[in-house]
J.: 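Sharing a structure, written as structure tokens. Questions coming.
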Amino acid sequence: MAKEITSRQQDYSQWYNDLVLKGGLADYSAVRGCMVIKPYGYALWENMRDQLDRMFKDTGHQNAYFPLFVPKSLFEAEEKNAEGFAKECAVVTHYRLKNDPSAKGKLIVDPEAKLEEELVVRPTSEAVIWNTYKDWIQSYRDLPILINQWANVVRWEMRTRLFLRTAEFLWQEGHTAHATKDEAMIETVKMLDVYAKFAEEFMALPVIKGVKTESERFAGAEDTYCIEALMQDGKALQAGTSHFLGQNFAKAFDVKFLNKENQQEYVWATSWGVSTRLIGALVMAHSDDDGLILPPKIAPLQVVIVPIFNKDAEAKKKIDETAGRLMRELKDIGVRVKYDDSDNSRPGWKFAEYEMKGVPVRIAIGARDIENNVAEVARRDTKEKQTVSLEGMAGYVGGLLNDIQQAIFEKAKAYRDAHITPANSWDEFEKILDEKGGFVSAHWDGSAETEDAIKEKTKATIRCIPLDNEQEEGKCILTGKPSRQRVLFARAY
RNA sequence: CGGGAGGUAGUUCAGCCCGGUAGAAUACCUGGUUUGGGACCAGGGGGUCGCAGGUUCGAAUCCUGUCCUCCCGACCA
């Protein structure tokens, strides 16, 4: 059994790596644990980023940028945060190289150029940002501060995976400061809602909003809210987090403000982030054996037009004209479309290629079609082909893109919903994890010890306590102690 | 950091056990025929066999060291 699971996991990893590599999203790089995001993958990220950015601005946030390097003394100011990240920090200790006296053409680190204080390459930016906010905040009139930054961070993980866990990754991190606890808590949940909306509406990725248990909480946070998604292999993936930081960072960095009553108070903080990991989530949630399946709303390319032509120049010209007209119509309604009339590859090759890249809609036009004033429209998600009249084609395709977006979401949601399974006994609990996978909804006595013990036995962790959770009396799945509600367990990435 | 598998042409890999001229497929270039689901023919270019030592007349192959990658585990918000 264990062997089967291991081999299944290996196959799944292989499937995933192939999707990313052959889909043209990314490559391995020469640097340990890092990856190269290729133009196609980056275009996808840009679409996601632009949409998120709009949503942040719609909720009153502004972008700014803070330094990559964090002096060690600043980094260690918030103890829990520092401790949580200490094991995975890249550290700059020197600022200069010099020629190696014993090997021509080689360089060595100049021992003379040792930094007085080491610089930590940010694994997250709370420390630099709160050290800055300290100078920005004096009065309640300076609050709230609602800032987001798009940046890269470095976390020196033992084991990396394309997009899901790389040593360096791109993300956004919002850092807000508020006058009251209530306001900060509202902000935390508001941004969680933004993430959930983005995941579901744009990535077609159904997510469960919830709160983390103490052991899964962000280092330095009072509460960590998250959106959890389910992958097709039955493992869960944390897709985004929003943290209520309380006054922990304010106290660590001495960020106080004078309230209306002329009293000094510590400010209340939140931080929230999503990363290029979302691309991994997208790949694993929707793709099939023929390649990627990208949701139309964020796909770099929504429609590809493939001409079917031979040496007949006259026929090719007609196809070009028809395709050109169709392209203009599609662009007019805001569709991202490409006409691939390259002579390097034949139609069959192109079909396979664009399927691998997950382009939602393919339109094939040949001389035969033009005689009949039609074209062949194929959708990537179901692989259905239809012959559609060229009259009103743009409108048809626009509608089809919406249908596909919806269909991908519904499919993922049906899978997810079918994989939230209640367990009422330990045997059942283990059996579901081993055989079916997905989320297991079970009672838990609320203690970190029990959570650890369950993890030890099954590798499953508590993904979250869903926000809209029903209260229900029950007994802990492991210890039998009383419990007031079920929580969601799963094996996770 | 432990276990396993690997590093040879742009890519995927064979060759290694048993040392003796560097291979295949694919991609690429030229010409031609093709084009409705990854075309075919002919010709051509391309590799410090991860790196460093050692053994040997001779090393991709054997030995030692070292670096890197992937998978599993540990670790990880």
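As the structure is a computational prediction, the values presented were derived from the model and not from experiment. In the text below, chain A, chain B and the rest are named by the order of the sequence lines, each starting its count at 1. The analysis underlying the following values was restricted to heavy atoms, covering all of them including side chains, and did not include hydrogens, waters or symmetry mates.
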J.: Considering only heavy atoms from C-beta outward, does the side chain of Ile208(A) approach that of Ile420(A) to under 4.5 Å?
T.: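 Of all side-chain heavy-atom pairs linking Ile420(A) with Ile208(A), at least one is under 4.5 Å.
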J.: How many whole angstroms separate atom CG of Leu162(A) from atom C1' of U69(B)?
T.: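 Rounding to the nearest Å, CG of Leu162(A) and C1' of U69(B) are 11 Å apart.
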J.: Kindly point out which of C76(B), C70(B), C71(B) is positioned nearest to the side chain of Glu88(A)?
T.: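 Of all the options, the side chain of Glu88(A) is nearest to C76(B).
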J.: Scan nucleotides 30-37 of chain B nucleotide by nucleotide, 5' to 3', and note B when protein non-hydrogen atoms come under 4.0 Å of the base, S if they reach only the sugar-phosphate, - if neither.
T.: ----BBBB
J.: What is the distance from CG of Leu21(A) to C1' of U12(B), rounded to the nearest Å?
T.: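 Atom-to-atom, Leu21(A) to U12(B), this comes out as 12 Å.
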J.: Looking for any heavy atom pair under 4.0 Å, which part of the strands does Gly220(A) touch: base, sugar-phosphate only, or nothing?
T.: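 Nothing: the residue Gly220(A), judged by heavy atoms under 4.0 Å, touches no strand.
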J.: Measure from the side chain of Lys459(A), starting at C-beta and using heavy atoms only, and say which of C76(B), G38(B), G73(B) lies closest.
T.: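 Nearest nucleotide to the side chain: G73(B).
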J.: Which atom pairs, donor and acceptor, lie under 3.5 Å between side-chain atoms of residues 358-366 of chain A and protein residues at least two apart or in another chain?
T.:
unit_1, atom_1, unit_2, atom_2, d
Arg362(A), NH1, Glu355(A), OE2, 3.0

J.: What's Thr241(A) touching, base or sugar-phosphate or nothing? Going by heavy atoms closer than 4.0 Å.
T.: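 Touches nothing.
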J.: At 4.0 Å (heavy atoms only), tell me whether Met356(A) reaches a base, stays on the sugar-phosphate, or touches nothing.
T.: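 Answer is base: heavy atoms of Met356(A) come under 4.0 Å of a base.
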J.: Tell me whether the NZ or CZ atom of Lys357(A) lies within the 45° cone about the ring axis of Tyr40(A) and under 6.0 Å from its centre.
T.: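 Yes; both conditions hold, so Lys357(A) lies above the ring face of Tyr40(A).
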J.: Quick one about Asp233(A) and Trp15(A) (side-chain donor to acceptor, distance below 3.5 Å, no hydrogens or angles considered), yes or no?
T.: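 The answer is no; no qualifying pair exists.
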J.: For A27(B) and Asn344(A) - does any side-chain N or O of the residue sit under 4.0 Å from the phosphate oxygens OP1/OP2?
T.: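 So the side chain of Asn344(A) is outside the cut-off, no N or O lying under 4.0 Å from OP1 or OP2 of A27(B).
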J.: What's the CD-P distance between Gln14(A) and A5(B), to the nearest Å?
T.: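 These atoms are roughly 17 Å apart.
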J.: Nearest whole angstrom, please: distance from the P of A39(B) to the NZ of Lys350(A).
T.: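 Checked: the NZ to P distance equals 11 Å.
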J.: Quick one about Asp340(A) and Ser342(A) (side-chain donor to acceptor, distance below 3.5 Å, no hydrogens or angles considered), yes or no?
T.: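 Yes, side-chain donor-acceptor contact under 3.5 Å.
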J.: Grab the CD-P distance between Glu83(A) and C76(B) for me, whole Å please.
T.: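 Glu83(A) atom CD is separated from C76(B) atom P by 11 Å.
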J.: Using the C1' atom as the reference point in each nucleotide, state the distance between C63(B) and U55(B) in Å, no decimals.
T.: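 So the two C1' atoms sit 7 Å from each other.
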J.: Does anything in residues 164-174 of chain A form a side chain to side chain donor-acceptor pair (under 3.5 Å)? List the pairs, not counting sequence neighbours.
T.: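 Residue pairs passing side chain to side chain donor-acceptor pair (under 3.5 Å), neighbours aside: Ser125(A)-Glu173(A), Asn148(A)-Gln172(A), Gln149(A)-Glu173(A), Asn152(A)-Glu168(A), Trp171(A)-Glu173(A), Gln172(A)-Tyr195(A), Glu173(A)-His175(A).
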